[in-house]
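See structure below.
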Amino acid sequence: MSQKVRVRFAPSPTGPLHIGGVRTALYNFLFAKKHNGVFCLRIEDTDQARYVEGAEDYIKETLAWLGLEPDEGPGYGGEFGPYRQSERKEIYQKYAGELLKRGKAYYAFDTQEELDARRKMEAERGNHTFKYDAYSRKEMKNSLTLSDEEVGKRIAAGEPYVIRLLVPENDTVTFEDLVRGQVTFETSELDDKVLIKADGMPTYHMANIIDDHLMEISHVIRGEEWLPSTGHHVLLYKAFGWADSIPHFAHLPLILKPNGKGKLSKRDGAKFGIPVFPLEWNGNNELDHFPGFREYGFLPEAVINFLAFLGWNPGTDEELFTLEQLCEVFSLDKIHKGGARFDFEKARWYNHQYIQQTDDGELASLIRPMLKAHGLNPSRDFLVKVCGLLKERCHLLSDFWENGAWFFEEVKEYDLENVKKRWNTELKGHFDKLIAELDSMQSFDAPGLESKVKAFINENGLKMGQVLPLLRIALAGTMKGPGVFETMEVFGKSETLARIKKAVALFGGITDQ
RNA sequence: GGCCCGUUCGUCUAGGGGUUAGGACAUCACUCUUUCAAGGUGAAGACACGGGUUCGAUUCCCGUACGGGCUACCA
């Protein structure tokens, strides 16, 4: 690639960043890094009606959490700013004037109401849906049908107008998509897109082309929903006389709902019980509140890895890649063409893998806020050890609490069904004796405990199954969990004995009933 | 409706004119084990359909079906 690689992630700040958008950001980032290029963030806030306070910060926070820091963008520096489209209004106006002068665009005075009425009428006739195009523009109110004098008068009078692209008749637009190959559109199918809205702001199509050109974007990597309007975009580049520097396009497959019916959307989070946003979002009202991958207990590394493989793969059997490794192996030609369903189980599996790879100390730090929320504040040393014992059975960070709350607070509920099955009064004496023996131990480490308890079982003619399960329930309340001896070691002698004594007393009461 | 894009195990996918169609998740079995996991071993499981082209098509071409996207003064 002789040309300097410059890519951009251009979200619209209309709410929390969708997970599909995050993947687009990731692919842009990976492509930039792979080719020693530049990754820009551009905020596409041309629609003031849909603008949402806090959305831009949310986007930046997401990129920071995932390690996808932009090289250029609002607040990140760069020579091509401003990077917020709302701050570039004059630029678009200037270029719109240029297009008008070249005869590639025209003024249109049809109001929204008039257009709606026209569409409705056409629909009722059962004909094709109305398009503002080469045929219909001849009967609309615009600078093509009105005299120059009339147009001048209307503008001078302050009548609202839009500027539309004059799509050439009977032409063919073709471009090479890096993912899909050649894509072709007939201009007769394309409508005269609005370029500048009545409020003076540009539409996506206008702002996008000008900014990509001015910011010297080499590759446009975006979602498949943009494929149908790419014909207009190519037309625009040509209208500006920028045909020689049209960027390369790569349209990404969509991320579909878990059931495959349509693209993943905001509401699917609650519907399927899955996260669809990277981070928690708190909007203005109670309904506008969503947890994110982070709040579900995902590690950023896992989210990156999972997302990278949704629609792409390196062509080998390896599936675990760090961001750095992805930067090296990523390539656009390995992007799959078909949409990919969101598979939450796979996401959980990735997270499980990364939890295993994370060291116990770091896990302890990640877990602590959750414990604090429960009013608990265990010692660092204890917490680190517990993380070590628990991590191989945790898929999400929240599982540390789900599976191991009993480590941090007293047992809330004993598995009485199993106690009833296993406990008998005869065992009481054995347990009292065992408690005394444990109490006499000098050190309290897992191997020592294991040989001690096993010897005790043998000496007293007992079986492992008679003692160990009850010991486990005494300590944890449940049959599930890490090794009994490791657990005892982590608890230490006094806590271990306290728990066993309390449980033994309780078990006696149960079977007496 | 129109336009554009797509279609390999349930899911994510590899592959590509001649393969026992490979891997991963999930599922099941066995194993390990004091439990639950993890690990190990194994099982089951796919080329949407119909025509071509070809000695041969899952692979190339054309249709059909199905799915998705777009069809705003939203992005």
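Residue numbers start from 1 in every chain, and the chains themselves are labelled A, B, ... in the order their sequence lines are given, proteins ahead of strands. Atoms considered below: every heavy atom in the structure, side chains included; atoms not considered: hydrogens, waters and symmetry mates.
- Distances from the side chain of A:Lys480 to the nucleotides B:G69, B:C36, B:C73 place B:C36 closest.
- Distances shorter than 4.0 Å separate some side-chain N or O of A:Arg341 from OP1 or OP2 on B:U11.
- Taking the C1' atoms as reference points, B:U19 lies 12 Å from B:U59, given to the whole Å.
- Comparing B:G69, B:C12, B:C73 against the side chain of A:Ala340 picks out B:C12 as the nearest.
- Of the P atoms belonging to B:U13 and B:G6, the separation is 15 Å, rounded to the nearest Å.
- Between B:A24 and B:A38, the distance separating the two P atoms is 15 Å to the nearest Å.
- The pair A:Glu114-A:Lys141 meets the salt-bridge criterion, since a charged nitrogen lies less than 4.0 angstrom from a carboxylate oxygen.
- For the pair A:Leu434 CG and B:U34 P, the computed distance is 17 Å after rounding to whole Å.
- Residues A:Tyr132 and A:Asn142 have side chains that bring a donor and an acceptor to within less than 3.5 angstrom of each other.
- Ring pair A:Phe407/A:Phe491: centre-to-centre distance below 6.0 Å.
- On the C1' atoms, B:G45 is 14 Å away from B:G23, given to the nearest whole Å.
- Residues A:Asn351 and A:His395 bring no donor and acceptor atom of their side chains to less than 3.5 Å of each other.
- For the P atom pair drawn from B:C4 and B:U8, the interatomic distance equals 22 Å after rounding to whole Å.
- Note: CG (A:Asn259) to C1' (B:G68) measures 13 Å, nearest angstrom.
- Spacing between B:G15 and B:A29 at atom P, rounded to whole Å, works out to 34 Å.
- Across all strands shown, B:G63 forms a Watson-Crick or G-U wobble pair, both distances under 3.5 Å, with B:C49.
- Partners of A:Trp406 according to the side-chain hydrogen bond (donor to acceptor under 3.5 Å, both in side chains) rule, which considers only residues two or more places apart in sequence or in another chain, do not exist here.
- Distance from the side chain of A:Arg180 is smallest to B:G6 among B:A24, B:C3, B:G6.
- In the set B:G68, B:A75, B:G15, the nucleotide with an atom closest to the side chain of A:Lys334 is B:G15.
- Across all strands shown, B:C73 forms no Watson-Crick or G-U wobble pair with both distances under 3.5 Å.
- Between A:Lys337 and the phosphate of B:U13, there is no side-chain N or O to OP1/OP2 separation shorter than 4.0 Å.
- Rounding to whole angstrom units, CG of residue A:Leu468 and C1' of B:U34 are separated by 4 Å.
- In this structure, the nucleotide among B:U34, B:A26, B:C74 sitting nearest to the side chain of A:Trp349 is B:A26.
- Under the Watson-Crick or G-U wobble criterion, with both distances below 3.5 Å, B:A43 is paired with B:U27.
- Using a distance-only test at 3.5 Å, with no hydrogens or angles considered, a donor-acceptor pair links the side chain of A:Asp133 to the main chain of A:Ser136.
- The residue A:Gly483 sits close to a base: some heavy atom pair falls under 4.0 Å.
- Checking B:A38, B:C74, B:G2 against every side-chain atom of A:His352, the shortest atom distance belongs to B:A38.
- The interatomic distance linking A:Leu320 (CG) with B:C25 (C1') rounds to 12 Å, in whole Å.
- Of the candidates B:U11, B:C73, B:C5, B:C73 carries the atom nearest the A:Leu115 side chain, counting heavy atoms from C-beta on.
- You'll find the ring centres of A:Tyr58 and A:Trp281 inside the 6.0 Å limit.
- Distances shown here put a side-chain N or O of A:Arg119 below 4.0 Å from the OP1 or OP2 atom of B:C73.
- Put simply, the side chain of A:Arg472 and the base of B:U34 share a donor and an acceptor less than 3.5 Å apart.
- Side-chain nitrogen and oxygen atoms of A:His336 include at least one within less than 4.0 Å of the OP1 or OP2 phosphate oxygen of B:A14.
- Remark: A:Lys261 is not in phosphate contact with B:C66, judged by side-chain N or O atoms under 4.0 Å from OP1 or OP2.
- Separating the CZ atom of A:Phe306 from the P atom of B:U11 is a distance of 15 Å, rounded to the nearest angstrom.
- Donor-acceptor pairing under 3.5 Å, judged by distance alone, is present between the side chain of A:Arg393 and the base of B:C36.
- Note: A:Phe272 and A:Phe344 fail the aromatic proximity criterion, with ring centroids not under 6.0 Å apart.
- At the phosphate of B:A14, OP1 or OP2 sits under 4.0 Å from a side-chain N or O atom of A:Asn313.
- We find that CD of A:Glu44 is positioned 14 Å from P of B:C74, with the value rounded to whole Å.
- B:C30 and B:G16: their C1' atoms are spaced 35 Å apart (whole Å).
- Out of B:U34, B:G69, B:C73, the shortest distance to the side chain of A:Pro228 is found at B:G69.
- Between B:C74 and A:Ser12, no contact under 4.0 Å exists linking OP1 or OP2 to a side-chain N or O.
- You'll find that the side chain of A:Lys197 is closest to B:C74, out of B:C74, B:C25, B:U34.
- Remark: the A:Lys346 side chain and the B:A26 base include no donor-acceptor N/O pair separated by less than 3.5 Å.
- Side-chain nitrogen and oxygen atoms of A:Arg164 include at least one within less than 4.0 Å of the OP1 or OP2 phosphate oxygen of B:C73.
- For B:A26 and B:G10, the C1' atoms lie 8 Å apart once the distance is rounded to whole Å.
- Computed from coordinates, the A:Phe309 CZ to B:A24 C1' distance equals 10 Å when rounded to whole Å.
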